[in-house]
Amino acid sequence: MVLTPLPDSRTGPDGSAVIRVLSYNVRSMHDDTAALARVIRACAPDLVLVQEAPRFFRWRKAAARLAKSSDLVVLSGGATAAGPLLLCSLRATVERTEDVLLPLTSGLHRRGFATAVVRIGGARLGVLSCHLSLQRDERLAQAGLLLDQLASLGVEHAVAGGDLNDVPTGKAFRHLAGPLQDCHAAAPWGGELTFPPDGPRKRIDAVFATPGIEVLGCGVPAGLPGVADADLRAATDHLPVLAALRVPATP
C-alpha cells in the first residue's frame, strides 16, 4: 500500500512552519540500526522524539551515531533524561533544553522527559519526549507531570510524544488527550496500531499537539516511499508515529 502524500516541511510566507515530527521507541538500538536509520531518513523529520535511547556505556556516542546516520543532530536527552532523547534537523534553531528526571518509585524504572524550545521558520515550539510507566497509577501521575512540564516551557505551541504504555481508552492516554490534540485522532493518516511491529495489536505510541497547531496528518508511516515493511520489523520492537503539523508564527 502506498500512502497519500504527507505535506513536506516548509515555511509559509507568514512565517508559519509545516514540520514533520516522528516519535519512535528504538529499544536501546539493540536491533538493526541500519534499518532504523533508513526508516527515520525516509520520514524526513524535523524533530524526532526518541524513547529507550541508549543509557549506559558510551551512550552519548550511540546517540551521536543514530543522529548522524539519520542526517540529524542531537538536541537533548538520553541517559540524563532516563531514556527519552530529542533529535532535530538543521532547520531547528535551539533556544534552550532541559532534561527532567521524574520521581522514582521503588522497584520500578526511572523515567524522565527530554524537553526543548526551538524556533523553526517564524514559529516557536516546545518539544517533549516521554516514556511512561508500565504501572497504571504511576503512569497516570506521570501524564499529569507531562502536562505541567509543557506548561512550564512558557510557549504557546508545543508537541509531545512517546511510548505511553497505554491505549487510547486508558486513563493516562485520556488525561493527555483532554487538553492536547491526539494527532492521529485529529487527522488519521497511515497506520494506527504501533505494537508489536509484526502484527501490531495496540496503539500505545502517540504524538500530541497543543490547541492552535493544525494537524495535517498523523500515523504509522508503513507504505511511505522509502519505508520498507522489512525495515519496520527489523529496526525495533515498536512502529514509529509520524505527524505533519502546521505551527503558527510567533508574534
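All heavy atoms count here, side chains included; hydrogens, waters and symmetry mates do not.
Without hydrogens or angle criteria, S76 side chain to A116 main chain gives no donor-acceptor distance under 3.5 Å. Proximity of a side-chain donor or acceptor of R10 to a complementary backbone N or O of V18 within less than 3.5 Å is not detected. Panel note: side chain S16, backbone A249; no donor-acceptor pair is recorded below 3.5 Å. When atom types are taken as modelled, the side chain of D31 and the backbone of A234 share no donor-acceptor pair closer than 3.5 angstrom. Distance alone, capped at 3.5 Å, places no donor-acceptor pair between the Q181 side chain and the C183 backbone. The backbone N or O of T4 sits less than 3.5 Å from a side-chain atom of W189, completing a donor-acceptor pair. Checked by atom type and distance alone, the side chain of T33 never pairs as donor or acceptor with a backbone atom of M29 at under 3.5 Å. Within the 3.5 Å criterion, the main-chain N or O of G162 finds a donor-acceptor partner in the side chain of S23. For Q51 (side chain) and H131 (main-chain N/O), no donor-acceptor pair under 3.5 Å exists by modelled atom type. Side-chain atoms of T194 come within 3.5 Å of backbone N or O of I204 as a donor-acceptor pair.
Within the 4.5 Å cutoff, the side chain of H157 has no heavy atoms near those of the R124 side chain. P168 is not listed as a side-chain neighbour of R174, based on a closest heavy-atom distance of 4.5 Å or more. With contacts defined as side-chain heavy-atom distances shorter than 4.5 Å, the pair L147/H175 qualifies. Side-chain contact between V118 and V127 is present, with at least one heavy-atom pair separated by less than 4.5 Å. Contact check for F113 versus L101: no side-chain heavy atoms found under the 4.5 Å cut-off. At a threshold of 4.5 Å between non-hydrogen side-chain atoms, the residues L145 and P103 count as touching. Proximity of L146 to L176: side-chain heavy atoms (C-beta onward) are separated by under 4.5 Å at one or more points.
Nearest approach of C43 to L22, heavy atoms of both residues: SG-CD1, 3.9 Å. Between P54 and A62, the shortest heavy-atom contact is CG-CB, 3.6 Å. Scanning both residues, P225 and A42, for their nearest heavy atoms gives O-CB, 3.9 Å. Closest approach of L193 and V220 over heavy atoms only: O-CG2, 3.5 Å. Shown here for P188 and A186, the closest heavy-atom pair between the two residues is CD-C, 3.9 Å. Of all non-hydrogen atoms in A44 and S9, the two that sit nearest each other are O-OG, 4.3 Å.
Side-chain N/O atoms of E138 and T105 include a donor and acceptor closer than 3.5 Å. For the residue pair E52 and T236, no side-chain donor N or O sits within less than 3.5 Å of a side-chain acceptor on the partner.
With L242 as the partner, the side-chain contact (heavy atoms from CB on, under 4.5 Å) test is satisfied by one option alone out of V39, I40, V227, L224: L224. Shown are V117, V21, I213, V155; of these, the side-chain contact (heavy atoms from CB on, under 4.5 Å) with L125 is made only by I213.
Here the OG-CG distance, from S152 to L128, works out to 9.0 Å after rounding to the nearest 0.5 Å. Rounding to the nearest 0.5 Å gives a distance of 11.0 Å between CG of L232 and CZ of R38. Taking CZ of R203 as the reference point, atom CG of L239 lies at 13.0 Å (rounded to 0.5 Å). Note that the CG atom of L87 and the CG atom of L72 stand 5.5 Å from one another [nearest 0.5 Å]. Separating the CZ atom in R111 from the CD atom in Q135 is a distance of 10.5 Å, to the nearest 0.5 Å. Between atom CG of residue N165 and atom CD of residue Q142 there is a gap of 9.5 Å, rounded to the nearest 0.5 Å.
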Verdict with reasoning, L85 to V74, per side chain to side chain contact (heavy atoms under 4.5 Å, CB included): CA-CA 8 Å; L85 172 74; V74 174; 4.1 Å; yes

Starting from the C-alpha separation in whole Å, work towards a yes-or-no answer on side chain to side chain contact (heavy atoms under 4.5 Å, CB included) for N25 and D237. CA-CA 8 Å; N25 183 320; D237 64 342; 4.1 Å; yes

Evaluation steps, side chain to side chain contact (heavy atoms under 4.5 Å, CB included), between V241 and H184: CA-CA 9 Å; V241 179; H184 180 74; 5.8 Å; no

Go through the steps to decide whether D166 and L132 satisfy the test side chain to side chain contact (heavy atoms under 4.5 Å, CB included), and finish with yes or no. CA-CA 8 Å; D166 203 12; L132 302 188; over 6 Å; no

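Sparse packing is recorded around CZ of R136, with 12 or fewer heavy atoms of other residues, nucleotides or ligands lying under 6.0 Å away. Counting heavy atoms of neighbouring residues, nucleotides and ligands inside a 6.0 Å radius, atom CD of E156 does not exceed 12 of them.
Grouping the Ile, Leu, Val, Met, Phe, Trp and Tyr side chains by contacts below 4.5 angstrom, directly or via other members, places V50 apart from L75. Residues F208 and V100 share a hydrophobic cluster, clusters being chains of Ile/Leu/Val/Met/Phe/Trp/Tyr side chains in contact below 4.5 Å. Grouping the Ile, Leu, Val, Met, Phe, Trp and Tyr side chains by contacts below 4.5 angstrom, directly or via other members, places V159 apart from L180. Residues V207 and L153 fall into different hydrophobic clusters, defined by Ile, Leu, Val, Met, Phe, Trp and Tyr side chains chained together at heavy-atom separations under 4.5 Å. The same ILVMFWY cluster, assembled from side-chain heavy atoms under 4.5 Å apart, contains both L164 and L150.
Taking the six-membered ring where the residue is Trp, F195 and H238 present tilted rings, their angle falling between 30° and 60°.
Under a 4.0 Å N-O distance rule, the pair D46/R91 qualifies as a salt bridge.
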